There are 2 protein chains.
Amino acid sequence: MNSPRKVTRIQRQKREVILAAALEAFAEDGLRGATLEKIADKAGMSKPHVVYYFGSKDAIYTELLQSLLEVWVQPLRDLSEDADPLAAILTYMRRKLRMSQDMPRESKMFATEILHGAPRMRPQLSGDLKALVDDKAALIAGWSAEGKIAKIDPHHLIFSIWAMTQHYADFDIQVEAVLGPDRKAGLYDEADAFLTEFFVRALRP
Amino acid sequence: MNSPRKVTRIQRQKREVILAAALEAFAEDGLRGATLEKIADKAGMSKPHVVYYFGSKDAIYTELLQSLLEVWVQPLRDLSEDADPLAAILTYMRRKLRMSQDMPRESKMFATEILHGAPRMRPQLSGDLKALVDDKAALIAGWSAEGKIAKIDPHHLIFSIWAMTQHYADFDIQVEAVLGPDRKAGLYDEADAFLTEFFVRALRP
DNA sequence: ACAATTTTTGACCATTTGGACAGAAAAATA
DNA sequence: TATTTTTCTGTCCAAATGGTCAAAAATTGT
């Protein structure tokens with residue numbers, strides 16, 4: 001029957017709730033700033049209960065980070081040969097921008113971790129991530145060599161896409177303060193238009 | 001004579017030492033993560049001594065943030081009419097990039113503060129900073145209208161300069177991990193070359 | 001040299017916080 | 001229904017940490 005499955009589902013749901021609460025807390029205050037009590041409150045349960053499911057605050061943080069990493073680099077994984085290389089890069093940029101819009105908490109959590117030295121991601125950055133980026137950089141370099149896009153350093157191109165798209169999520173407070181409240185609603189449409197135009201100009205041969 | 005001056009100078013020096021130590025600590029671990037003891041150690045004095053000079057950890061943090069803000073926006077202040085608007089913008093970009101290279105700790109401290117909601121800078125972001133950016137955006141918009149540079153949204157152009165230059169300081173761990181150790185030495189030269197080419201392409205009419 | 005002032009620190013305190021533990025409540029199993 | 005297992009929480013504890021305080025040490029002024 002499904003009696004064991006039922007329990008498992010409940011467990012999985014509880015863990016989901018805790019992870020969601022923790023993500024919010026970590027994005028707001030970082031690993032140190034976020035307290036177990038705050039996470040428990042956001043999750044609607046007691047502090048020992050949170051510990052019961054994850055063992056420690058650190059374990060929640062690490063698990064979140066690891067599972068998010070995969071989601072985070074997926075758009076780059078999907079960058080591949082295309083009828084139009086420029087369109088492929090623009091699509092990648094747009095997916096990253098949409099992730100900033102839809103997952104600002106995830107973006108902030110990553111940013112905070114890396115900003116503070118990425119103590120629990122260093123191996124993956126210089127391992128998997130470096131391999132992935134090198135791979136895609138080679139692809140882009142190929143397009144450059146064939147004259148399909150401008151000749152630019154592909155690694156720095158990727159950095160620039162990361163920087164510009166994540167800026168809107170990570171520093172949203174600053175962006176919104178500078179633009180003023182009126183432009184807040186259409187912000188991501190503006191950003192999309194600007195970045196598209198910007199990268200088209202920079203990349204066409 | 002200079003007997004009172006002498007004391008004042010010593011006081012000033014002590015404060016300088018503490019501020020430098022605190023900057024390092026805050027950049028590494030953020031406001032919460034940095035402890036008074038760590039700051040005191042880095043400054044080579046006892047914990048109560050640090051408190052004696054600044055009253056509280058928070059006071060050090062706030063003072064650092066305020067004094068750094070002025071330095072931080074100076075390059076934008078200096079953006080003005082020029083024989084060549086494109087050159088003026090490139091100069092601005094380069095000054096920002098150099099600040100990332102020379103003051104990574106300051107960059108990280110700002111980034112962390114804004115990332116976490118900028119609780120003690122909000123008024124200045126939507127006040128002074130917004131006014132300054134609006135002013136310079138108007139200048140750039142003028143250049144656009146005159147056909148001296150491409151027609152792009154000047155606010156987002158400024159954001160893109162902030163994002164791309166600060167990325168190299170704030171996320172240096174990631175950048176260096178992805179590029180590998182060999183490219184670390186010439187990193188900022190690479191970045192300068194890339195960004196210059198990039199912005200020239202994007203901005204020329 | 002002596003008094004007054006400033007600087008410096010060791011010892012201490014109150015609060016916060018991660019998390020251990022025993023046992024209650026609930027659920028599954030029999 | 002009785003028993004076993006799982007879930008959940010009130011209570012407590014030890015460590016970390018921001019900050020106080022009294023007094024020592026150094027400096028300054030006379």
Side-chain angles (χ1 to χ4, degrees), chain A residues 1-26 28-65 109 112-113 116 119-120, chain B residues 1-65 112-113 116 119-120:
Chain A
M1 285 303 152
N2 60 1
S3 43
R5 231 184 251 166
K6 210 171 169 184
V7 173
T8 304
R9 187 172 50 202
I10 288 175
Q11 288 177 333
R12 215 169 284 164
Q13 283 175 349
K14 288 278 177 181
R15 288 175 63 94
E16 288 296 317
V17 170
I18 293 173
L19 286 175
L23 173 61
E24 215 175 293
F26 289 140
E28 283 171 14
D29 303 319
L31 173 55
R32 304 249 176 167
T35 68
L36 270 177
E37 199 176 6
K38 200 173 187 177
I39 295 172
D41 282 352
K42 282 179 190 281
M45 51 188 82
S46 70
K47 203 169 63 169
H49 197 194
V50 173
V51 177
Y52 171 75
Y53 271 107
F54 283 89
S56 72
K57 186 172 81 166
D58 229 87
I60 307 176
Y61 185 80
T62 302
E63 178 156 336
L64 259 181
L65 215 54
M109 191 174 151
T112 305
E113 172 69 10
H116 291 6
R120 51 207 95 205
Chain B
M1 285 302 148
N2 59 2
S3 43
R5 234 183 250 164
K6 209 172 171 186
V7 173
T8 305
R9 187 172 52 204
I10 289 174
Q11 287 178 333
R12 217 169 282 164
Q13 283 175 349
K14 288 278 176 181
R15 287 175 64 93
E16 288 298 318
V17 171
I18 294 173
L19 286 174
L23 173 61
E24 214 176 294
F26 289 139
E28 282 170 16
D29 304 319
L31 173 55
R32 304 246 177 172
T35 68
L36 269 177
E37 200 177 4
K38 200 171 185 179
I39 294 171
D41 282 352
K42 281 179 191 280
M45 50 188 84
S46 69
K47 203 169 61 167
H49 198 195
V50 173
V51 177
Y52 171 75
Y53 271 108
F54 283 89
S56 73
K57 186 172 83 165
D58 228 87
I60 307 177
Y61 186 80
T62 302
E63 179 156 334
L64 259 181
L65 215 54
T112 304
E113 171 70 10
H116 291 5
R120 52 207 94 205

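In what follows, chains are A, B, ... by sequence order, proteins preceding strands, each numbered from 1. Bear in mind that the values here come from a model prediction, so they are computed numbers and not experimental data.
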- Query: Can you tell me if CD on B:Glu37 sees more than 12 non-hydrogen neighbours from other groups inside 6.0 Å?
  - Reply: no
- May I ask you to evaluate whether A:Tyr52 reaches the phosphate of D:dC8, defined as a side-chain N or O under 4.0 Å from OP1 or OP2? no
- Query: Considering only side-chain heavy atoms of A:Pro48, which listed nucleotide, D:dC21, C:dG18, C:dA20, is closest?
  - Reply: C:dA20
- Query: Can you check whether B:Ala34's main-chain N or O pairs, donor with acceptor, with B:Lys57's side chain at less than 3.5 Å?
  - Reply: yes
- Query: Using a cut-off of less than 4.0 Å, is there contact between a side-chain N or O of B:Tyr53 and OP1 or OP2 of C:dT8?
  - Reply: yes
- Task: Indicate, with a heavy-atom threshold strictly under 4.0 Å, whether A:Ala34 touches base, sugar-phosphate, or nothing.
- Result: sugar-phosphate
- Query: Does A:Lys47 make a side-chain donor-acceptor contact with the base of C:dG18, cut-off 3.5 Å?
  - Reply: yes
- Message: Using every non-hydrogen atom in the two residues, find where B:Ile18 and B:Ala43 come nearest and quote the distance to one decimal.
- Response: CA-CB, 4.3 Å
- So what does A:Ser46 touch, heavy atoms closer than 4.0 Å: a base, only the sugar-phosphate, or nothing? base
- Looking at the side chain of A:Thr35, which of D:dT9, C:dT9, C:dG18 is the nearest nucleotide? C:dG18
- Message: Less than 3.5 Å apart, any donor N or O on the side chain of A:Tyr53 or A:Gln11 sitting next to an acceptor on the other?
- Response: no
- Note on the structure: Of the listed D:dT6, D:dC8, C:dA11, the closest approach to the A:Gln11 side chain comes from D:dT6
